[in-house]
Amino acid sequence: MEKNTTMNLRVNPAIKQQAEDVLKQLGIPMATAIDMYLRQISLTGGIPFAVSLPKVPAALNADNMTAAELHAALKAGYDDVEAGNVRDASSAFSAFRESHR
């Protein structure tokens, strides 16, 4: 089938790079992956995977905490800061990404 339509997309550069890294390991060019995705939308009549918000553990969900539990969690956080148990956001997100590959 002839491919002659061009798509211009704006995407987050970091997400694009991460996707390219995975696709390179799989031996799939980005254009082929996008084509596969669009074909799956056509075949399934929708997004070909579940789209949902991640489940937040109850221990981290302030909406489900009592006032006392929330206060205790906030105090524990402040105590960590006072004790120097902190890291900048960049290194925290970097460590998170590494642990979730």
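None of these values were measured; they are calculated from a predicted model.
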So, Asp21 versus Gln17: side-chain donor-acceptor pair below 3.5 Å or not? yes
CZ of Phe49: more than 12 outside heavy atoms within 6.0 angstrom? yes
Separation between NZ (Lys75) and CG (Leu70), nearest 0.5 Å, reads 14.0 Å
For Asp88 and Phe93: C-alpha separation, side-chain torsions, deciding distance, then whether side chain to side chain contact (heavy atoms under 4.5 Å, CB included) applies. CA-CA 9 Å; Asp88 62 275; Phe93 283 117; over 6 Å; no
How close do Glu69 and Asn64 get, heavy atom to heavy atom, and via which atoms? OE1-O, 4.1 Å
To the nearest 0.5 Å, atom CG of Leu38 lies from atom OG1 of Thr5 at 10.5 Å
Restricting to non-hydrogen atoms, name the atom on Met30 and the atom on Ala19 that form the minimum distance, rounded to 0.1 Å. CE-CB, 4.3 Å
Does Pro48 reach the side chain of Ile41, with side-chain heavy atoms less than 4.5 Å apart? yes
When you check the gap from the basic side-chain N to the acidic O, do Lys24 and Glu20 get nearer than 4.0 Å? no
Would you kindly confirm whether Ile28 and Val11 end up in one hydrophobic cluster when ILVMFWY residues are joined by side chain heavy atoms under 4.5 Å apart? yes
Could you tell me the separation between the CE atom of Met36 and the CG atom of Leu43, rounded to the nearest 0.5 Å? 11.5 Å
Set of residues satisfying side chain to side chain contact (heavy atoms under 4.5 Å, CB included) with respect to Asp80, sequence neighbours excluded: Asn85
Can you hop from Met65 to Tyr78 via hydrophobic side chains spaced under 4.5 Å? yes
Connected via hydrophobic side-chain network under 4.5 Å: Ile15 and Ile34: no
